[in-house]
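See below for the structure under consideration.
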Amino acid sequence: MKAKQDLAAWLEPRGLSFNEEKTRVVHLSNGVDFLGFNVGRFREKLIIKPSRDALQRARKRIGTTARENSGSPTENLVRTLSPFVRGWSTYYRTVCSKETFNLLDAHTFEILKRWAMRRHRRKPWGWIKRRYWGKFQPGRSSKWVFGTPEHYLQQASWMPIQRHTLVKDDASPDDPELEEYWRNRRRKRVQAVGEPKKILSLAYRQQGLCPRCGLDLIDGAGFDPDDVQDWAKWFTGSLRAIHVHHLTYRSKGGSDHPSNLELIHTACHRQVHAGDRKRDTQQAATG
């Protein structure tokens, strides 16, 4: 095809080429799956949504997690499932995902229902419902939130759809006249990660930059959100790329007031902490 030939000619000077075993040409009306997304044309409109395989993998993951926690306390199951559900919905929040989110929530409910009924085989459904489901999410009237008032399961359908805003075709980070434009994008970038209001206010105050190294808080941290598992790790804290740093440590009387806080990269925090420890050691040795 001419389109493939043109692309091959464009890739060649860049040292790239098509993998013939993995490359296939399809009509958009048939759709194509890529990185967990399905891209296709429906009624003359291009639609991007989570692929069926991606939904099936998520269903399998939730079912496996429930079986592995068949004897665990409710809080443990919630703490295991919530990061994945939240990470999965965050990954797909920029496309047409509402219907898929509802399907995943319905499947999760059935999985949790079976999980609860296996634990209480002699109890009626009404008793089980009152024990494991309720109005646990503040601001929501739904009675079908699983967990406890302290630990409840995030639902995929709670994730709002947030369309990705494309960069202007002629916008360059090196253009001094566009400084405000890039500053606003950096602020929204932190907000899109789903951080609490305290972190968002700090990011806004710092114009989306790390005050230690001067780089973008998210992009400068080397965090790549284009992976479901990475998003899940982000929400568990195991892949946390930004850190709320106390200018005066709490161990030395510092408070949690915003004036004593700054938002920095986790890597920058390690360097600051290591430098402070070295200085304290030297002062103790000379004192």
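Positions are given from 1 along the sequence. Computed from a predicted model, the values in this text were never measured in an experiment.
Using modelled atom types, no side-chain atom of Asn38 and backbone atom of Lys49 make a donor-acceptor pair closer than 3.5 Å. A distance-only check finds a donor-acceptor pair linking the side chain of Ser89 to the backbone of Arg86 [under 3.5 Å]. In this structure, Asn260 contributes its side chain and Thr248 its backbone to a donor-acceptor pair below 3.5 Å. A distance-only check finds no donor-acceptor pair linking the side chain of Arg250 to the backbone of Asp256 [under 3.5 Å]. For Tyr92 (side chain) and Phe101 (main-chain N/O), no donor-acceptor pair under 3.5 Å exists by modelled atom type. In this structure a side-chain-to-backbone donor-acceptor pair under 3.5 Å is missing from Glu12 to Leu7.
Residues passing the salt bridge (charged side-chain N to carboxylate O under 4.0 Å, His left out) test with Lys4, sequence neighbours excluded: Glu20. For Thr80, the side-chain contact (heavy atoms from CB on, under 4.5 Å) partners two or more places apart in sequence, or in a different chain, are Thr65, Asn69. Qualifying salt bridge (charged side-chain N to carboxylate O under 4.0 Å, His left out) partners for Arg212, counting only residues two or more places apart in sequence or in other chains: Glu262. In terms of the salt bridge (charged side-chain N to carboxylate O under 4.0 Å, His left out) criterion, residue partners of Lys252 (sequence neighbours excluded) are, by chain and number, Asp280. In this view, Thr148 satisfies the side chain to side chain donor-acceptor pair (under 3.5 Å) rule with no residue, not counting sequence neighbours.
Side chains of His257 and Ser259: a donor on one and an acceptor on the other come within 3.5 Å. If you check the side chains of Thr64 and Arg61, you find no donor sitting under 3.5 Å from an acceptor. Using modelled atom types, one finds a donor on one side chain and an acceptor on the other under 3.5 Å when comparing Asp105 with Ser157.
Scanning all heavy atoms of the two residues, the minimum distance from Leu104 to Ala58 falls at CD1-CB, 4.0 Å. Heavy-atom minimum distance, Trp88 versus Pro50: CH2-CB, 4.3 Å. Between Ala156 and Val85, the shortest heavy-atom distance links the atoms N-CG1, 3.7 Å. The minimum heavy-atom distance between Ala54 and Gly36, with the atom names listed, is CB-O, 3.6 Å. Ser82 approaches Leu153 most closely through the heavy-atom pair OG-CD1, 3.4 Å. Here the closest heavy-atom approach between residue Arg93 and residue Thr90 is recorded as NH1-O, 2.6 Å.
Cluster annotation: Tyr249 and Leu202 are assigned to distinct hydrophobic clusters (Ile/Leu/Val/Met/Phe/Trp/Tyr, side-chain heavy-atom contacts under 4.5 Å, transitive). At a threshold of 4.5 Å between side-chain heavy atoms, the hydrophobic network of Ile, Leu, Val, Met, Phe, Trp and Tyr places Leu35 and Ile47 in two separate groups. Under the 4.5 Å side-chain heavy-atom criterion for grouping Ile, Leu, Val, Met, Phe, Trp and Tyr, Phe34 is connected to Leu46 within one hydrophobic cluster. Under the 4.5 Å side-chain heavy-atom criterion for Ile, Leu, Val, Met, Phe, Trp and Tyr, Met159 and Ile161 are members of the same hydrophobic cluster. When hydrophobic clusters are built by joining Ile, Leu, Val, Met, Phe, Trp and Tyr residues whose side-chain heavy atoms come closer than 4.5 Å, directly or via intermediates, Phe42 is not grouped with Val39.
Residue Phe136 belongs to a hydrophobic cluster whose other members are Val145, Tyr152, Trp158, with links defined by side-chain heavy atoms closer than 4.5 Å.
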Stepwise, does the side-chain contact (heavy atoms from CB on, under 4.5 Å) test hold for Glu75 with Arg79? CA-CA 6 Å; Glu75 292 81 359; Arg79 278 194 289 263; 3.9 Å; yes
How far apart are the C-alpha atoms of Leu77 and Phe146, what are their side-chain angles, what is the distance that settles it, and do they pass the side-chain contact (heavy atoms from CB on, under 4.5 Å) test? CA-CA 10 Å; Leu77 177 60; Phe146 178 83; 4.0 Å; yes
Trace of the side-chain contact (heavy atoms from CB on, under 4.5 Å) decision for Arg119 with Tyr132: CA-CA 11 Å; Arg119 292 166 67 92; Tyr132 293 104; 3.4 Å; yes
So Leu16 and Trp10, side-chain contact (heavy atoms from CB on, under 4.5 Å) or not? Walk me through it. CA-CA 9 Å; Leu16 302 173; Trp10 184 85; 5.8 Å; no
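Distance check, rounded to the nearest 0.5 Å: CH2 of Trp127 to NE2 of His120 gives 4.5 Å. Within the model, atoms NE2 of His246 and NE2 of His269 stand 9.5 Å from one another, a figure rounded to the nearest 0.5 Å. Lys135 contributes atom NZ, which lies 6.5 Å from atom OG of Ser141 (distance to the nearest 0.5 angstrom). Interatomic distance, Phe37 CZ to Ser97 OG, rounded to the nearest 0.5 Å: 7.0 Å. Between Asn76 atom CG and Leu81 atom CG the span is 11.0 Å, to the nearest 0.5 Å. Within the model, atoms CZ of Arg118 and CZ of Arg67 stand 8.0 Å from one another, a figure rounded to the nearest 0.5 Å.
Arg205 places a side-chain heavy atom less than 4.5 Å from the side chain of Pro258. The closest side-chain heavy-atom distance from Thr74 to Trp115 is below 4.5 Å. Contact of the Leu103 side chain with the Arg59 side chain is registered, since non-hydrogen atoms from C-beta on lie closer than 4.5 Å. Within the 4.5 Å cutoff, the side chain of His245 has heavy atoms near those of the Val272 side chain. Looking only at side-chain heavy atoms (C-beta outward), Leu247 and Leu261 stay at 4.5 Å or farther from each other. Considering only heavy atoms from C-beta on, Lys113 comes within 4.5 Å of Glu110 through its side chain. Counting only heavy atoms from C-beta outward, the side chains of Cys210 and Ile264 approach each other to under 4.5 Å. Between Trp133 and Ile128, some side-chain heavy-atom pair lies under the 4.5 Å cut-off.
For Lys143, the NZ atom sits in a loose shell: 12 or fewer heavy atoms of surrounding residues, nucleotides or ligands are nearer than 6.0 Å. Residue Glu99 qualifies as open at atom CD: its count of foreign heavy atoms under 6.0 Å is 12 or below. Around the CZ atom of Arg140, the shell of radius 6.0 Å holds more than 12 heavy atoms that belong to other residues, nucleotides or ligands.
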